[in-house]
Every structure is written in C-alpha cells, then in structure tokens.
Amino acid sequence: MENFLIRVINILAVVLVLVLYNQSALTRQSEVLAYNEQKAEYDAAVLAAEQAKLQTTEQAKMQTAEQAQDTGNTWIDGTYEGTGEGFGGPIDVQVTVTGGKLASIAILSAEKEDSAYLSQAKGIIDSMISAQSAEVDTISGATFSSTGIKTAVKQALEGSGK
Amino acid sequence: MKKRKKLERIRMVIQILFFIAMPSVYASSFTAVKLAVTAIGGGQPLEMSEFALNLLVTAALTVLFGRIFCGFACAFGALGDWVYTFFQWLQKKCRVKHKVQLKLSDSWNSRLQYLKYLVLLLILALCFFGKGGLVSANSPWTVFSMLRSGNFAVSPFIPGLVLLLLILVGMAAKERFFCQYLCPMGAIYALLPVLPIGQFHRKREKCAKGCSACKKNCPVSLALDPENLKMGECIRCGRCAAICPKKNISLLPGKEQA
C-alpha cells in the first residue's frame with residue numbers, strides 16, 4: 001500500500017505542477033500576443049503620422065512654390081515707402097502688402113511730374129498689382145514717369161523682404 | 001511447463017500483431033514527453049497532440065495493469081525478446097559449450113536498472129535546453145523505426161545505428177537488456193502507481209524454503225512483493241505465475257491461480 005500511495009502522491013504532485021505551469025504559460029502567451037498587437041498598432045500609427053506630416057510639408061512646399069511661381073515674390077505684410085526718379089524729380093510711393101500680396105500702391109508725392117504724363121504713368125500701378133510684381137513694362141508715352149514709379153515701388157518692396 | 005509455453009506463445013502472438021500494426025506507440029509516447037519538456041524549457045504552453053494521446057493511453061493502461069504495454073505491445077521490447085530467444089536457441093543448436101549470456105549479480109543488476117532513469121534525465125535535460133533535435137537525430141529508435149518501415153537510407157544516422165547495434169548485442173546476451181537498463185519510456189512507466197488489481201501477488205508464507213523460482217525465471221530478476229519499490233520493473237510476462245511450484249502467484253490477491 002505504501003508503495004502505491006507514494007507513487008500516487010508523486011504523480012499528483014507532477015500533474016499539479018504541470019497544470020500550474022501551463023496556466024502561467026498561457027497567461028504569458030496571451031500577454032505577449034496583446035503586447036505585439038499593441039506595438040503593431042502603435043508602429044502603424046507612428047508611420048501614418050510621419051507620412052501625414054510629410055504630406056503636409058510637401059503640400060505646404062508646393063503651395064508656396066505655386067505662390068512663388070504665380071507672383072515670383074512673397075512679401076511681408078505692412079506698408080513700405082520708396083522713392084524713384086521721375087521725369088522732373090523724385091516720386092514717393094507707399095506700398096501696402098496684405099496677406100503677402102501687393103494690395104495697393106499710392107503716390108505720396110510727384111511734384112515735378114507733368115500731370116498728363118503722371119496720369120498715364122499711374123496705369124503701371126494697375127499692372128503691377130495684377131502681376132503682383134514690380135517687374136512690369138513701363139507705359140509707352142510716359143516712360144520716365146512710369147519708370148520713376150516702378151523704381152519707387154521696387155525700393156519700397158525691398159524693405160518688405162522677399 | 002506446458003502452461004508456461006502456452007502463455008509465452010500467446011504473448012508472442014500479441015507482440016507480433018502489435019509489431020505489424022502499431023509499431024511506434026512507444027516512440028510516440030516518448031515524443032510527447034520530449035515535446036512537453038521542450039515547451040516548458042521554452043516557456044511555451046503545453047499542447048495536446050496525437051503523441052500526447054499515445055502517452056496518456058499507455059500511462060493509463062500502466063496504472064491499471066502495470067507495464068503490460070512493455071510486455072505485450074512495445075515493438076522494441078518484442079525485438080529484444082526475439083533477439084534473445086533466437087540467439088540462445090542458436091547457441092543451443094550449435095551446442096556451444098560456454099554460452100554467451102550476461103549473468104549479473106543481484107546488486108549489479110539492481111544498479112544497472114537505475115541507469116535508465118539517468119538516461120531519461122539526460123534526454124529531458126537536453127530537451128529542456130532546446131537540444132531535442134540532437135536526441136532524435138542520434139536515437140537508436142529513429143534508426144529502428146526507419147528499418148522497420150523498410151527505409152534503409154540510414155547513412156545520415158550513423159551514431160543512432162551504432163547505438164542500435166550495441167543494443168542488439170546486449171539484447172542477445174541478456175533478456176530485456178534495453179528495457180530494464182536503458183529505456184527512458186520504461187523508466188517513466190516504472191515510476192507510475194499501479195492499482196493493486198493489476199499487480200502480481202505472492203503468498204510468501206506458502207513458498208518452499210530457498211525456492212525463488214519466480215525470481216530466477218523473471219526476465220528482470222524481480223523478487224515479487226507489492227511493497228518492493230522495484231516492482232516497476234515487472235513487465236507482466238506472467239512467467240513467475242506459470243513456474244511457481246506452489247501456485248502461489250496470481251494477479252488477484254487472496255485467490256489461487258486460475
């Protein structure tokens with residue numbers, strides 16, 4: 001009987017140990033699986049975020065490039081003054097930049113200019129605003145005055161940074 | 001004598017049937033043990049498999065009836081029996097004067113019977129540390145399984161083949177050589193509890209003085225006693241019951257042998 005009982009107890013002990021081991025092994029296995037899942041999700045999220053970031057930077061770059069292509073220039077908002085040499089004397093202008101664009105150009109003074117020629121020369125202001133650049137053709141028939149305005153606007157825009 | 005021959009014959013027939021139809025149960029069962037230990041060594045949960053099923057069925061059988069699997073169904077054990085019988089018969093036929101037979105003293109026999117537990121421990125240690133592949137690659141059982149299924153491409157398994165040949169030599173010289181001294185699966189079965197109903201019992205008080213016929217005829221040299229810790233060696237061949245002059249030995253306690 002003793003022989004038998006000793007063996008029975010031994011076997012039960014072995015079975016108990018195996019069951020307990022298996023429990024902890026199964027728990028560990030499911031935890032490892034859960035961890036791996038989470039890690040995969042996290043890695044995927046990081047990747048997606050990086051890609052999105054890359055896209056927005058790309059987009060922003062493209063936008064600015066487009067803008068730059070359209071206008072050839074970008075300016076800092078503000079009002080700037082400049083002077084240019086007209087036919088008779090200096091022409092002062094005030095340039096207003098809004099939203100990075102040429103918003104308006106005002107002639108502050110042009111005392112020495114002939115009014116007829118000045119009126120014609122003012123046409124260059126419109127072209128500059130629609131071209132969003134100071135590099136436009138001068139008005140034929142009022143070359144000196146329009147050049148004066150052009151120079152003045154250019155100088156003003158230098159102060160606004162490109 | 002007649003009874004003994006009859007029993008032996010029945011046992012041989014059953015062994016032949018299993019050898020033909022289910023020759024790898026012992027290997028499957030042991031594979032289950034190796035896989036389990038490998039899993040534990042790797043921190044993996046244990047898995048049910050066909051191997052595990054083999055192990056559980058044979059273990060359950062052993063708890064009920066003792067090592068009848070070893071005695072009646074194991075193909076490797078059968079191989080040992082046949083090799084021994086044939087070799088001893090051959091020597092008899094050739095009238096060899098000094099028969100080649102391994103006769104060991106009780107103490108040596110006892111010591112060697114512990115060797116299989118060492119073999120078991122070694123193999124399990126290797127499996128635990130992830131080297132189970134090494135065991136299978138060099139196992140004599142692998143080579144035997146291949147040969148048994150007609151596959152003779154054993155050149156990648158030279159160590160296993162050498163071991164198998166050495167074992168065959170031992171089997172020829174001593175009955176149940178592998179089973180009692182080296183078998184790791186047998187070691188596990190030998191450790192299992194056996195229900196009293198499955199044990200051989202001997203009425204010691206009726207024994208003739210100085211007889212020990214049972215022990216002398218036992219292939220594993222057992223002194224029959226349910227309290228004997230070595231009863232795990234018994235492979236249920238039934239020779240003791242057949243040879244006892246006083247008919248003292250039986251399976252059911254308190255009954256005369258049928």
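Below, read A as the first sequence line, B as the second, and so on, with proteins coming before strands; counting in each chain starts at 1.
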Exercise for the section: Look up atom CG in B:L191 and atom CZ in A:R7, then write down how far apart they are to the nearest 0.5 Å. Expected result: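 These two atoms lie 6.5 Å from each other.
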
Exercise for the section: Would you give the length of the straight line joining atom CG of B:D225 to atom CG of A:N3, rounded to the nearest 0.5 angstrom? Expected result: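 Here the rounded value is 9.0 Å.
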
Counting neighbours of [atom1] on [X] that are heavy atoms of other residues, nucleotides or ligands and sit closer than 6.0 Å, is the number greater than 12?
X      : atom1 : result
A:D137 : CG    : no
A:Y117 : OH    : no
A:F87  : CZ    : no
B:E47  : CD    : no
B:F51  : CZ    : no
B:K230 : NZ    : yes

Exercise for the section: Mind ranking A:T27, A:V14, A:N22 by heavy-atom pairs under 4.5 Å with chain B and telling me who comes out on top? Expected result: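 Most heavy-atom pairs within the cutoff with chain B belong to A:N22.
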
Practice task
For A:R28 and B:Q44, indicate whether the former's side chain and the latter's backbone hold a donor-acceptor pair under 3.5 Å.
Solution key: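 Absent.
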
[X] versus chain B, heavy atoms under 4.5 Å apart: side chain, backbone, both or neither?
X     : answer
A:Y21 : side chain
A:E2  : both
A:L26 : both

Exercise for the section: Work out which heavy atom in B:V194 is nearest to a heavy atom in A:F4; give both atom names and the distance. Expected result: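 Heavy atoms of B:V194 and A:F4 come nearest at O-CD1, 3.0 Å.
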
Problem - Closest heavy-atom pair and its distance - A:A25, B:G43 - result: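 In this case the closest contact between A:A25 and B:G43 is CB-O, 4.0 Å.
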
Practice task
Select, from B:G232, B:A36, B:P45, the one with the greatest count of heavy-atom pairs under 4.5 Å involving chain A.
Solution key: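 Sorted descending by pairs with chain A, the first entry is B:P45.
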
Practice task
Could you look at B:A190 and say if it's the side chain, the backbone, both or neither that has a heavy atom under 4.5 Å from chain A?
Solution key: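 Only the backbone of B:A190 comes within 4.5 Å of chain A.
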
